[in-house]
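So that the names make sense, note that chain A is the first sequence line, chain B the second, and so on, each numbered from 1. Side chains included, hydrogens not; waters and symmetry mates left out as well; all remaining heavy atoms used.
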Amino acid sequence: MAVDPNVSRAHMTAEVGAAIEAAPAFGWIMNPDYEALKLRVRMTAHNGDHFHLLMTFNDYREIPAAIDFEDPKTVIVGGRASFPKGRDNFFNTTGPVICAPINLKAYKIPGQERGLHQDWAIGDWANSKAQDFNWHPYSTVLGALWLIQARLDRPQEYLGRMAV
Amino acid sequence: MKEKADHKKDDDLIEVVVKSQNGKYESEFRRSDTVQAVTTAAAAKLGIDQADRLELVLEKDRGKVLNPSTTLGSLLEYEHSDMDKRAKLVFVLTAIGNGV
């Protein structure tokens, strides 16, 4: 069932506002497009590498935001060179995709060609306990950015780009 | 003497700020208190379940996960405290989740 875009926009606006307050501490450069229901964030890894996150909020919060990485020059979304590489499968090289239940693109459902998980209940995304981890605190814009930034900050978790 | 004793007591206290995705926690701790004590207090105040494998890092050095048994006093060398102000430590409460 489709969510009124104005409802999704209200959720997005409130959550992006909280993230904008936190942004200076993490060096996030926030570029929300509320009309298009899109948020672009430039994030920086511990070694200075930049990543350009794209969040899309269609039907939010009935379903999670679609979270991806974008090449700011070509505007190609989901390219391997735009993705961080991690120690585990959070930044999943199969896809590539941010493999977390807070990301619409992780679900293997129609329209999500890089999705990997048929085993997750999308209707319960904000309270998911997949992989024995409580994803609820990270089911907001700020929470998602917080989780991704924690990985980019740590040399043992962030291993460079998936492709050059 | 009392004035000196009070001054010593004040010097023992550290102003602590913990930032999380759930908000900010601010309190005072002693130099001998541990990172674990701060994590526990902040998580309780911020309503975050400690079972979520929380880790504390200094905001100025977010790449280094702090050992829970580390004392706050030993972390002050990371900060360039103003001598006229109470010592202050700013932490970020993080978790990395499970890669799936």
Side-chain angles (χ1 to χ4, degrees), chain A residues 15 18-19 21-22 24-27 44-48 84-95 97-103 106-107 116-117 119-120 128-158, chain B residues 14-27 35-36 38-70 75 78-82 85 87-100:
Chain A
E15 292 186 17
E21 283 186 27
F26 298 98
T44 306
H46 65 87
N47 63 351
K85 185 179 180 183
R87 176 188 51 79
D88 59 16
N89 290 327
F90 181 84
F91 299 125
N92 202 308
T93 55
T94 305
V97 69
I98 296 174
C99 209
I102 56 173
N103 180 18
Y107 293 82
L116 302 173
H117 282 274
D119 54 325
W120 293 347
S128 175
K129 297 280 175 54
Q131 284 297 101
D132 194 29
F133 183 72
N134 179 15
W135 295 91
H136 177 70
Y138 309 99
S139 65
T140 62
V141 172
L142 178 57
L145 294 178
W146 204 276
L147 201 57
I148 293 165
Q149 186 65 53
R151 287 170 173 269
L152 296 180
D153 282 340
R154 301 182 189 186
Q156 70 272 31
E157 298 292 340
Y158 169 64
Chain B
I14 297 172
E15 187 180 341
V16 168
V17 177
V18 180
K19 297 179 179 179
S20 85
Q21 78 279 5
N22 280 22
K24 191 188 291 185
Y25 165 77
E26 294 179 85
S27 189
V35 165
Q36 182 61 59
V38 175
T39 304
T40 301
K45 188 71 176 180
L46 295 167
I48 301 174
D49 188 348
Q50 285 201 76
D52 293 340
R53 293 182 282 273
L54 300 175
E55 293 172 326
L56 215 58
V57 297
L58 283 169
E59 187 178 55
K60 288 183 175 178
D61 188 7
R62 298 197 309 269
K64 184 181 178 185
V65 178
L66 298 170
N67 187 320
S69 63
T70 300
L75 294 174
Y78 283 87
E79 304 286 335
H80 301 289
S81 298
D82 185 332
K85 294 181 180 176
K88 182 176 180 179
L89 290 169
V90 182
F91 296 99
V92 177
L93 194 60
T94 67
I96 60 164
N98 269 3
V100 287

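- Closest approach of B/Ile96 and A/Glu157 over heavy atoms only: CD1-OE2, 3.1 Å.
- With respect to chain A, the highest number of heavy-atom pairs below 4.5 Å among B/Val65, B/Ile48, B/Val57, B/Asp49 belongs to B/Val65.
- Between the NE2 atom in A/His46 and the CG atom in B/Asp61 there is a gap of 11.5 Å [rounded to 0.5 Å].
- Shortest non-hydrogen contact noted between A/Ala25 and B/Lys19 is CB-NZ, 4.1 Å.
- Within the 4.5 angstrom heavy-atom criterion, no atom of A/Ala22 approaches chain B.
- Salt-bridge check for B/Lys24 with A/Glu21: failed, with every basic side-chain N at 4.0 Å or more from each acidic carboxylate O.
- Screening B/Arg62, B/Lys64, B/Glu55 against A/Arg154 for a side-chain contact (heavy atoms from CB on, under 4.5 Å) leaves a single residue, B/Glu55.
- Looking at A/Trp146, its side chain does come within 3.5 Å of a backbone N or O of B/Leu93 through a donor-acceptor pair.
- Remark: A/Tyr138 engages A/Phe133 in a ring pair (Phe, Tyr, Trp, His ring centres under 6.0 Å) (not counting sequence neighbours).
- The nearest pair of heavy atoms linking A/Ala150 to B/Thr94 is CB-CB, 4.1 Å.
- Interface residue A/Phe26: backbone and side-chain heavy atoms are both found under 4.5 Å from chain B.
- Shown here for B/Gln21 and A/Leu142, the closest heavy-atom pair between the two residues is O-CD2, 3.7 Å.
- A search for side-chain contact (heavy atoms from CB on, under 4.5 Å) contacts involving B/Thr70 returns B/Val35, B/Asn67, B/Ser74, B/Leu75, not counting sequence neighbours.
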